[in-house]
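Positions are given from 1 along the sequence.
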Amino acid sequence: MGITTRDLQVVRYLEKGFLLNAEICSRLIYWTKNESASLNVAQRRLRELFRLKQVKRVREFVGQSYTYYIDKPPTKTKHRLMMADFLSRLQMNGFEVDLDRTFVEWKGMELLFGVRPDILVTFKYAERVYQLLVEVDITKEFSNAKKYERIIQAKRNGELNDILPHALAVVSICDTKPDFNCIWMKTDFSNFSNLIYAVAGVK
């Protein structure tokens, strides 16, 4: 079998700067609503993409899942995999990620607010489009609360509609609940339902 449409999605995510492994791909791209079957498909298709030299891969030790990339060997691997894993949880829960309007280390807020979110995610859910500014903090607590408060206030005032035209929220992925009004995700995503419950209230 040649390269499939879903295989091309793998390449697109890698081109956007995300890192992927088979487990993440099984949820993000090859999800069949059966965990084992999805993982088997993902492993098989990633091996084929590697064989066809469409992607590169690396792992630290035998038995570890391969991490897939396109350009230079990855750094901050765990952090960047978690960014893609968040998107995979969105997809498998019925949130349709708009990859064309989703960016790693988005610079759109840097000049005005002095912050660069790990991800700007644009997605569709229940016929409505939403955007999330996502911070992933594996080894530390959420920071930049004041800057994100300014962003949310500016959005409420209608000042950001040109660059963030849709309903907006901030997501913090870390193991310590932030002292900030955002959507909190633990790093194991065991409380992903926080996002599902919060989306209806996003303005």
Side-chain angles (χ1 to χ4, degrees), residues 9-21 24-25 27-29 67-72 74-93 95-125 128-174 178 180-187 189 192 194-195 198-199 201-203:
Q9 283 187 270
V10 173
V11 175
R12 287 187 65 215
Y13 273 99
L14 297 178
E15 287 176 339
K16 295 279 286 193
F18 291 98
L19 296 181
L20 299 171
N21 61 27
I24 291 170
C25 282
R27 295 183 292 267
L28 182 61
I29 297 167
T67 295
Y68 291 84
Y69 65 100
I70 283 185
D71 295 320
K72 298 178 182 178
T75 59
K76 299 182 180 178
T77 301
K78 185 175 180 181
H79 180 264
R80 291 177 63 194
L81 282 172
M82 190 166 293
M83 292 158 63
D85 199 4
F86 174 68
L87 300 188
S88 82
R89 309 290 171 156
L90 288 173
Q91 283 288 142
M92 70 180 293
N93 280 281
F95 297 77
E96 183 182 342
V97 175
D98 181 347
L99 187 53
D100 289 334
R101 294 190 291 167
T102 294
F103 303 95
V104 172
E105 296 182 356
W106 186 55
K107 298 179 181 180
M109 297 285 95
E110 195 166 27
L111 184 61
L112 289 175
F113 298 96
V115 68
R116 185 188 297 184
D118 287 320
I119 329 171
L120 166 65
V121 184
T122 304
F123 68 92
K124 187 176 181 180
Y125 184 70
R128 187 179 180 190
V129 179
Y130 300 83
Q131 292 181 300
L132 301 174
L133 303 177
V134 183
E135 286 285 351
V136 179
D137 298 296
I138 297 175
T139 60
K140 59 185 179 67
E141 297 179 5
F142 178 82
S143 56
N144 293 323
K146 291 187 180 300
K147 294 178 181 179
Y148 279 103
E149 285 172 352
R150 288 175 54 217
I151 291 171
I152 293 300
Q153 188 58 53
K155 171 65 176 174
R156 288 172 179 161
N157 293 342
E159 299 168 18
L160 302 179
N161 290 339
D162 288 343
I163 55 175
L164 292 170
H166 304 292
L168 180 68
V170 175
V171 173
S172 170
I173 302 175
C174 63
F180 169 63
N181 187 20
C182 64
I183 301 172
W184 173 48
M185 298 276 103
K186 294 181 181 179
T187 58
F189 299 105
F192 189 86
N194 284 354
L195 177 59
V199 160
V202 175
K203 304 299 183 184

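- In this structure a side-chain-to-backbone donor-acceptor pair under 3.5 Å is missing from D85 to L81.
- Ring pair Y148/F180 is tilted by interplanar angle, where 30° to 60° counts as tilted.
- Put simply, the side chain of H79 never gets that close to the backbone of I138: no donor and acceptor are under 3.5 Å apart.
- Rounding to the nearest 0.5 Å places CD of E105 at 6.5 Å from CG of D118.
- To the nearest 0.5 Å, atom CE of residue M83 and atom CG of residue L19 are 8.5 Å apart.
- Between L160 and F113 there is a side-chain heavy-atom pair separated by less than 4.5 Å.
- Contact check for V199 versus R128: no side-chain heavy atoms found under the 4.5 Å cut-off.
- Remark: L133 CG to C182 SG distance equals 11.0 Å, nearest 0.5 Å.
- Defined by atom type and a distance below 3.5 Å, a donor-acceptor pair is present between the side-chain atoms of T122 and Q131.
- Taking every heavy atom of both residues into account, G114 and K147 meet most closely at O-NZ, 3.1 Å.
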- Task: Determine, stepwise, if the pair L90 / F192 fulfils side chain to side chain contact (heavy atoms under 4.5 Å, CB included).
- Result: CA-CA 9 Å; L90 288 173; F192 189 86; 3.9 Å; yes

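- The line from CG of L20 to CG of L14 is 4.5 Å long, rounded to the nearest 0.5 Å.
- Remark: side-chain polar atoms of K155 are paired, donor with acceptor, to backbone N or O of H166 under 3.5 angstrom.
- Between V10 and C25, the shortest heavy-atom distance links the atoms CG2-SG, 4.3 Å.
- More than 12 non-hydrogen atoms from other residues, nucleotides or ligands lie less than 6.0 angstrom from CD of Q153.
- C174 approaches F142 most closely through the heavy-atom pair SG-N, 4.1 Å.
- Considering only heavy atoms from C-beta on, I119 stays 4.5 Å or farther from V171 through its side chain.
- L195 places none of its side-chain heavy atoms less than 4.5 Å from the side chain of Y130.
- Dense packing is recorded around NZ of K140, with more than 12 heavy atoms of other residues, nucleotides or ligands lying under 6.0 Å away.
- From F18, atom CZ reaches atom OG of S88 across 11.0 Å, with rounding to the nearest 0.5 Å.
- Between I70 atom CD1 and E15 atom CD the span is 4.5 Å, to the nearest 0.5 Å.
- No donor-acceptor pair closer than 3.5 Å links the side chain of R101 to the backbone N or O of L120.
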